[in-house]
A.B. asks: 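Have a look at this one before I ask anything.
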Amino acid sequence: VNKIMGAIESTLYLAGAAGADMGVATKMMARTFAQFNLEAKDATTVADTFTVAMQNSLLDIESLDTSMRYAGAGAGAFGWKIQDTTAAVALFMDQTGLGSTAGTQFRHVLLSLAGPTKRAKEVIKSLADAHNTLNGEQNETYETIRKKLNPAESDFKTIMETLKPIMHDHEAVLALVNKRSSGSLQKILKDFHQGTSKYEELLEKMEVQQGQAQRTYLRQINSVEGQTKILRSKIEESQLSLFDTFKKNYQEFVTSLGN
């Protein structure tokens with residue numbers, strides 16, 4: 001509760017930027033804090049990360065909320081950052097078009113790589129041989145490739161780079177993950193190595209576009225629709241009686257919420 005109280009402003013910006021109710025944004029923020037072990041001081045980063053993702057992928061507030069319910073807990077448990085997780089989930093969302101599917105596919109990929117089956121272990125061994133052939137050296141072993149694919153010891157970029165030799169081999173990808181996830185993973189893998197993936201672009205924007213949620217919120221209040229949504233969120237946030245305030249000019253009142 002104390003974390004959320006300290007994150008009210010950033011939560012309001014997220015709600016306004018996404019055109020969402022304050023209640024939805026508050027629940028998302030609270031769950032994200034718990035999943036990634038974050039503090040109130042991280043609220044601005046969370047709001048900006050989510051805003052950038054929604055503005056640069058098929059994610060909206062509803063699908064982001066749903067997908068992160070499934071993806072966030074696993075990624076957070078493996079020690080992944082909120083930015084890396086959200087960017088990766090955005091890629092799965094662009095493939096599936098459904099928040100629940102994107103989140104479950106992403107989670108399954110992480111869990112499958114963390115606990116490979118017998119078939120998956122054979123693929124991991126073949127990956128070591130493939131990397132040694134490509135590099136002209138014998139540096140890779142089953143253990144080194146296994147470590148690079150383990151989400152508890154690696155990150156999304158390293159996993160994509162390690163899987164490069166099998167990006168055109170659907171059977172190998174299928175051996176690593178289940179049928180439902182394999183198609184999306186293979187397309188994401190191909191995009192990553194063909195230079196058409198938005199993963200790095202998303203991470204860069206999350207890094208440089210600090211304050212994006214607030215800027216988007218402020219732009220929203222200049223529209224009637226945005227004013228109405230932000231007004232509703234502000235009322236939900238405060239839970240105070242605003243009858244006396246409504247005596248003011250409506251435009252002046254709503255504009256004052258951004259100050």
A.B. asks: May I ask you to decide whether Lys81 forms a salt bridge with Asp155, counting only side-chain N to carboxylate O separations under 4.0 Å?
C.D. replies: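 No.
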
A.B. asks: Donor-acceptor pair, Asn135 side chain versus His131 backbone, under 3.5 Å?
C.D. replies: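 Yes; judged by distance alone, with no hydrogens or angles, the pair exists.
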
A.B. asks: Using modelled atom types and a 3.5 Å cut-off, is there a donor and acceptor pairing between side-chain atoms of Arg146 and backbone atoms of Ala114?
C.D. replies: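 Side chain of Arg146 to backbone of Ala114: a pair is present.
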
A.B. asks: Could you walk me through whether Ile159 and Leu113 pass the side chain to side chain contact (heavy atoms under 4.5 Å, CB included) test, one step at a time?
C.D. replies: CA-CA 9 Å; Ile159 291 172; Leu113 294 176; 3.8 Å; yes

A.B. asks: Hey, are the side chains of Met68 and Thr32 touching, using non-hydrogen atoms and a 4.5 Å cut-off?
C.D. replies: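 With C-beta onward as the side chain, the pair stays apart.
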
A.B. asks: Does Thr26 offer a backbone N or O that forms a donor-acceptor pair with the side chain of Arg31 under 3.5 Å?
C.D. replies: no

A.B. asks: Using side-chain heavy atoms (C-beta onward) and a distance below 4.5 Å, is Met206 in contact with Ile82?
C.D. replies: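 When only atoms from C-beta onward are counted, Ile82 and Met206 do not touch, as no gap falls below 4.5 Å.
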
A.B. asks: Is there a side-chain contact between Pro165 and Leu134 (heavy atoms, below 4.5 Å)?
C.D. replies: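 Side chain of Pro165 against side chain of Leu134, heavy atoms only: contact under 4.5 Å found.
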
A.B. asks: Tell me if a side-chain donor or acceptor on Ser112 pairs with a main-chain N or O of Val109 at a distance below 3.5 Å.
C.D. replies: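 Judged by distance alone, no pair lies under 3.5 Å.
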
A.B. asks: Scan Gln194, His193, Lys187 and name whichever one has a side-chain hydrogen bond (donor to acceptor under 3.5 Å, both in side chains) with Asp191.
C.D. replies: Lys187

A.B. asks: Verify the distance criterion only: is there a donor paired with an acceptor across the side chains of Ser184 and Gln105 at less than 3.5 Å?
C.D. replies: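 There is such a pair between these side chains.
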
A.B. asks: Mind checking whether Val52 and Glu207 have side chains closer than 4.5 Å, heavy atoms only?
C.D. replies: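 Not touching, per the 4.5 Å side-chain cut-off.
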
A.B. asks: Do the non-hydrogen side-chain atoms of His108 and Val177 ever get within less than 4.5 Å of each other?
C.D. replies: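 Contact flag for His108/Val177 side chains = yes.
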
A.B. asks: Answer with yes or no whether the side chains of Gln83 and Thr45 bring together a donor and an acceptor at under 3.5 Å.
C.D. replies: no

A.B. asks: Between Asp129 and Lys125 (salt bridge meaning N to carboxylate O under 4.0 Å), is one present in this structure?
C.D. replies: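 Salt bridge flag = no for Lys125 with Asp129.
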
A.B. asks: Asn139 and Glu137: side-chain hydrogen bond (donor to acceptor under 3.5 Å, both in side chains), yes or no, with the steps?
C.D. replies: CA-CA 6 Å; Asn139 296 329; Glu137 301 177 356; 2.3 Å; yes

A.B. asks: Report yes or no: does Ser63 contribute a side-chain atom to a donor-acceptor pair with the main-chain N or O of Asp60 at less than 3.5 Å?
C.D. replies: yes

A.B. asks: Mind checking whether Phe156 and Trp80 have parallel, tilted or perpendicular rings, split at 30° and 60°?
C.D. replies: perpendicular

A.B. asks: Is there a donor-acceptor pair closer than 3.5 Å between any side-chain N or O of Asp169 and the backbone N or O of Glu171?
C.D. replies: yes

A.B. asks: Is the closest side-chain heavy-atom distance between Leu59 and Ser67 below 4.5 Å?
C.D. replies: yes

A.B. asks: Would you indicate whether the side-chain heavy atoms of Glu62 and Val24 approach each other to under 4.5 Å?
C.D. replies: no

A.B. asks: In terms of side-chain geometry, is the basic nitrogen of Glu122 or Lys118 positioned less than 4.0 Å from the acidic oxygen of its partner?
C.D. replies: no

A.B. asks: With distance as the sole test, does Asp48 use its side chain to make a donor-acceptor pair with the main-chain N or O of Gly211 at under 3.5 Å?
C.D. replies: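 The answer is yes, because a donor-acceptor pair under 3.5 Å joins these two groups.
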
A.B. asks: Suppose we call two aromatic rings close when their centres sit under 6.0 Å apart. Are Phe106 and Tyr70 close by that rule?
C.D. replies: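 No, too far apart.
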
A.B. asks: For Lys190, does the NZ atom have more than 12 heavy-atom neighbours from other residues, nucleotides or ligands under 6.0 Å away?
C.D. replies: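 Yes, enclosed.
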
A.B. asks: Under a 3.5 Å cutoff, is there a donor and acceptor pairing between the side chains of Thr44 and Ser10?
C.D. replies: yes

A.B. asks: Could you go step by step and tell me if Gln214 and Glu9 meet the side-chain hydrogen bond (donor to acceptor under 3.5 Å, both in side chains) rule?
C.D. replies: CA-CA 9 Å; Gln214 181 180 10; Glu9 184 176 33; 5.4 Å; no

A.B. asks: Do Phe192 and Leu163 come within less than 4.5 Å of each other through their side chains, counting heavy atoms only?
C.D. replies: no

A.B. asks: To the nearest 0.5 Å, tell me how far Glu200 CD sits from Lys157 NZ.
C.D. replies: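 Spacing of CD (Glu200) from NZ (Lys157) equals 4.5 Å.
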
A.B. asks: Will you find, in the side chains of Asn56 and Lys198, an N or O donor that is under 3.5 Å from an N or O acceptor?
C.D. replies: no

A.B. asks: Tell me whether Asp42 contacts the main-chain N or O of Glu39 through its side chain, where contact means a donor paired with an acceptor under 3.5 Å.
C.D. replies: yes

A.B. asks: Do His170 side-chain atoms and Gln186 backbone N/O form a donor-acceptor pair below 3.5 Å?
C.D. replies: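 Flag not set: sc His170 to bb Gln186 has no pair under 3.5 Å.
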
A.B. asks: Between Thr144 and Glu140, is any side-chain donor less than 3.5 angstrom from a side-chain acceptor?
C.D. replies: yes

